[in-house]
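The figures that follow rest on heavy atoms only: side chains count, while hydrogens, waters and symmetry mates do not.
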Amino acid sequence: MAEIEKHREKLWFSVLVNILLLLILLLVFRPVYETNDDMGMANMVNGAKGVYDPHLVFSHYLLGLFLSCLYRMTDRITWYPVIQYCVLFASFTAVTYVWNRRRKRAADVWICALFLVVFSYEGYIRLQFTKTAGIVSAAGMFLLFYAITQERIQRKAFVAGMLLACAGFMYRMNQFFAEGLLMTGIGVYQLLRLREFPRGSRLKRLLLYIGTFGFLVAVVLGLHRYEQHVYGSSQEWQEYLTYNKLRGKLYDFGFPGYKENKEAYREMGISSAAYNMYRSWNHMDTERFTTELMTQIRELQPEKSIDGAFIREFFGVFPVSFFTISVFYCFLLLVLYWLFWGRHGGAEIITVVYESVIVLFLYFYLYYVGRYLHNRVDVGIWFAVSLIMLWIYREERHRFHSRTGMVLFLGVVLLYQRSWKTDWRISNSDAVMQRERAVIGAIHNDSEHLYLTKVKTVSFANSYGVFERIPFEMAMNTYSLGGWASKSPVYSSVLSQYGVINPFRDMIGNEKVYLIDDDIDATMDYIHKYYDKDAEAVEAFELFPYQVYQIQAGTDS
């Protein structure tokens with residue numbers, strides 16, 4: 001313990017701690033993508049579609065440009081997750097370093113360890129770019145606050161904090177601003193403590209705080225403006241972004257009920273077969289499922305109004321629903337740590353109240369837009385709020401002992417195993433992934449045919465692990481009939497190679513096109529209604545566990 005106490009304030013110590021933690025996590029757990037969005041973005045830049053395209057759609061163009069350059073250098077390394085791991089590692093190391101510099105007692109190491117284990121699991125093992133954005137943005141701002149609140153500005157920490165915060169912004173802009181709002185809690189706390197400094201230095205410190213974060217905002221707005229210019233210079237990408245924005249709003253809010261809006265749907269030319277097809281995410285009918293149609297469907301959704309009934313509805317869901325969020329319990333333990341062993345001065349109490357209001361406001365907004373209780377968003381939120389609790393902690397007269405810290409740490413780790421055990425390496429099998437990869441391999445080897453895949457059938461996210469290399473052009477003859485990426489210029493380029501414009505229409509009577517479908521009757525109902533009433537689905541062969549079809553045209557077509 002004496003050796004630890006001697007070196008723990010040094011940067012190399014924080015680096016070593018996080019290397020050991022990362023190795024342990026990777027030995028015990030198998031990393032996965034929490035959602036399939038990351039695989040869709042990775043396939044933009046990794047050459048799976050035959051190009052190294054920097055347009056990541058949800059993440060910044062410069063990040064995509066950096067990744068595409070790395071893949072061009074060598075695609076033997078899975079750069080997309082590797083770079084996420086790098087920025088996550090830098091973030092957790094930064095938090096460890098700041099905590100060790102601010103807290104001098106060895107017993108407090110256990111609190112940092114508890115925090116790191118819970119959030120490192122979420123960051124490293126259940127990888128997701130929105131979550132990464134939240135963690136990296138908050139950690140960058142945390143490091144920035146540390147750099148500018150010391151007696152002398154810590155220049156290296158300042159630069160590192162600025163780079164991390166900008167990296168968080170580039171992973172996802174919306175999450176960056178959410179974390180920024182939450183991290184204002186530290187700003188409030190520091191402003192409340194300005195009176196502790198000599199009168200002559202208060203204005204200087206205030207201007208330093210404002211200047212630092214004003215500069216950060218200016219930088220990220222400049223980055224945003226540059227990205228708008230890049231996408232705006234391409235009509236193809238502009239049209240896609242317009243389409244995808246509407247698609248996202250429609251699917252995020254959900255389709256208005258068919259029975260309640262039957263007449264309106266019929267006027268739009270949407271039958272029950274079409275309604276079921278689109279709702280199942282298989283919306284790549286490029287002639288019918290247009291931006292104009294989506295706009296009309298959106299107009300059927302009732303407008304939400306913030307009134308007394310809505311507010312009561314919100315408080316019927318929150319804050320009770322916080323207890324369904326796994327990382328919330330880590331935050332609760334940090335609150336208890338502050339309550340039992342921390343100082344409860346005016347600055348601390350006001351900051352806690354302020355942060356509570358901000359959290360409720362943020363969840364109120366998420367509830368209003370219908371995008372609440374998503375783990376990839378929640379982790380970033382509670383990571384930031386937990387950092388606030390770590391920042392305001394100042395020891396009171398009651399000493400926090402190492403034995404207490406050790407018990408808390410072991411207890412939390414054991415309790416979390418209930419939700420973590422699904423990712424244990426020992427309880428995971430490669431059999432399903434190998435089977436799915438064999439299907440993709442068989443499709444790839446048949447380059448004469450285009451394979452259209454219904455959503456929830458063939459998926460690269462189910463076929464390759466986070467760090468498994470996807471060979472160049474592996475997805476050159478597969479096209480999903482749904483999802484945000486399908487309409488993008490990168491993914492749509494696959495269709496043109498086989499002379500396909502509208503996959504639902506052009507699969508009919510086309511010997512070059514196969515369809516992998518888990519509900520062929522629903523597909524045929526749609527085709528019969530809109531394209532060929534006599535078309536037939538013929539079973540071509542099986543790629544276990546999927547059935548492969550060809551759609552034959554009717555005799556009168």
Side-chain angles (χ1 to χ4, degrees), residues 30 32-33 36-52 71 75-76 78 80-81 280-282 284 428-483 485-486 488 490-500 503-504 506-524 527 535-552:
R30 175 172 298 174
V32 296
Y33 285 126
N36 59 13
D37 294 332
D38 282 272
M39 185 61 79
M41 293 165 70
N43 283 351
M44 292 278 191
V45 293
N46 65 11
K49 292 291 183 182
V51 292
Y52 302 110
Y71 275 109
D75 61 3
R76 294 185 178 276
T78 52
Y80 182 88
S280 67
W281 284 77
N282 295 287
M284 287 312 300
N428 275 276
S429 171
D430 286 331
V432 173
M433 189 170 286
Q434 289 174 352
R435 183 194 70 195
E436 294 292 310
R437 199 181 309 158
V439 170
I440 285 179
I443 292 172
H444 173 71
N445 291 333
D446 181 17
S447 59
E448 293 182 3
H449 292 92
L450 169 66
Y451 286 75
L452 302 176
T453 62
K454 290 278 287 290
V455 173
K456 296 184 179 179
T457 60
V458 177
S459 166
F460 275 76
N462 297 331
S463 307
Y464 288 89
V466 169
F467 291 107
E468 290 181 309
R469 172 179 173 263
I470 299 176
F472 186 73
E473 295 187 339
M474 196 66 182
M476 282 296 289
N477 63 329
T478 61
Y479 184 81
S480 175
L481 290 175
S486 295
S488 69
V490 175
Y491 279 59
S492 296
S493 63
V494 169
L495 297 178
S496 60
Q497 299 175 61
Y498 295 89
V500 173
F504 277 96
D506 296 342
M507 74 170 83
I508 303 169
N510 192 336
E511 294 183 355
K512 291 183 178 180
V513 179
Y514 285 128
L515 172 67
I516 297 180
D517 201 329
D518 61 342
D519 189 359
I520 191 64
D521 291 337
T523 304
M524 295 312 298
I527 289 175
E536 293 183 8
V538 177
E539 295 183 9
F541 54 92
E542 183 181 58
L543 286 175
F544 182 79
Y546 304 111
Q547 189 62 50
V548 183
Y549 300 89
Q550 277 196 321
I551 309 302
Q552 292 185 350

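Side chain of Tyr479 to main chain of Ser486: a donor-acceptor pair is present (N/O by atom type, distance under 3.5 Å, no hydrogens or angles). A distance-only check finds a donor-acceptor pair linking the side chain of Asn477 to the backbone of Asp446 [under 3.5 Å]. Remark: side-chain polar atoms of Lys49 are not paired, donor with acceptor, to backbone N or O of Val490 under 3.5 angstrom.
The shortest side-chain heavy-atom distance between Tyr33 and Pro81 falls under the 4.5 Å cut-off. Within the 4.5 Å cutoff, no side-chain heavy atoms of Asp518 are placed close to those of Gln547. Here the side chains of Thr478 and Val494 are not in contact, with every heavy-atom distance at 4.5 Å or above. Side-chain contact between Ser447 and Met476 is absent, with no heavy-atom pair separated by less than 4.5 Å.
In this structure Thr78 satisfies the side-chain hydrogen bond (donor to acceptor under 3.5 Å, both in side chains) test with no other residue, sequence neighbours excluded. The side-chain hydrogen bond (donor to acceptor under 3.5 Å, both in side chains) test applied to His444 returns no partner, not counting sequence neighbours. Applying the salt bridge (Lys or Arg N to Asp or Glu O under 4.0 Å) test to Asp506 and every residue at least two apart in sequence or in another chain returns nothing.
Legend: salt bridge (charged side-chain N to carboxylate O under 4.0 Å, His left out) pairs involving residues 536-547, not counting sequence neighbours: none detected. Listed by first and then second residue, the side chain to side chain donor-acceptor pair (under 3.5 Å) pairs involving residues 431-440 are Glu436-Tyr546, Arg437-Glu468 (not counting sequence neighbours).
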Show the atom names and distances, to 0.1 Å, of all donor-acceptor pairs under 3.5 Å that link a side chain in residues 457-466 to residues at least two apart or in another chain.
unit_1	atom_1	unit_2	atom_2	d
Thr457	OG1	Lys454	N	3.4
Thr457	OG1	Lys454	O	2.5
Ser459	OG	Ala461	N	3.1
Ser463	OG	Ser459	O	2.7

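For the pair Tyr549 and Ala537, the tightest heavy-atom approach, listed with the atom from each and the gap, is CD2-CB, 4.1 Å. Summarising the geometry of Ser280 relative to Val455, their closest heavy-atom pair is O-CB, 4.0 Å, with the distance given to 0.1 Å. Nearest heavy atom pair, residue Ile551 against residue Met524, reads CD1-SD, 3.8 Å. Heavy atoms only, all atoms of each residue included: Val538 and Gln552 are closest at CG2-CD, 3.4 Å. The two residues Ala442 and Leu543 have their closest heavy-atom pair at CB-CD2, 3.8 Å. For Leu452 against Met507, the heavy-atom pair with the smallest separation is CD1-CE, 3.7 Å.
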side-chain contact (heavy atoms from CB on, under 4.5 Å) for Leu481 and Thr453? Distances and angles first, verdict last.
CA-CA 6 Å; Leu481 290 175; Thr453 62; over 6 Å; no

side-chain contact (heavy atoms from CB on, under 4.5 Å) between Met474 and Ile443: does it pass, once the steps are laid out?
CA-CA 9 Å; Met474 196 66 182; Ile443 292 172; over 6 Å; no

Is there a side-chain contact (heavy atoms from CB on, under 4.5 Å) between Gln497 and Leu450 once you walk through the steps?
CA-CA 9 Å; Gln497 299 175 61; Leu450 169 66; over 6 Å; no

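Donor-acceptor pairing under 3.5 Å is recorded for the side chains of Asp38 and Tyr80.
Taking the six-membered ring for Trp and thresholds of 30 and 60 degrees, Tyr451 and Phe541 have ring planes more than 60 degrees apart, a perpendicular arrangement. Using cut-offs of 30° and 60° on the angle between ring planes, the pair Tyr52 and Phe472 is tilted.
Rounding to the nearest 0.5 Å gives a distance of 7.0 Å between CG of Leu515 and CD1 of Ile527.
With respect to Arg469 and Asp75, a salt bridge is recorded, a charged nitrogen being found less than 4.0 Å from a carboxylate O.
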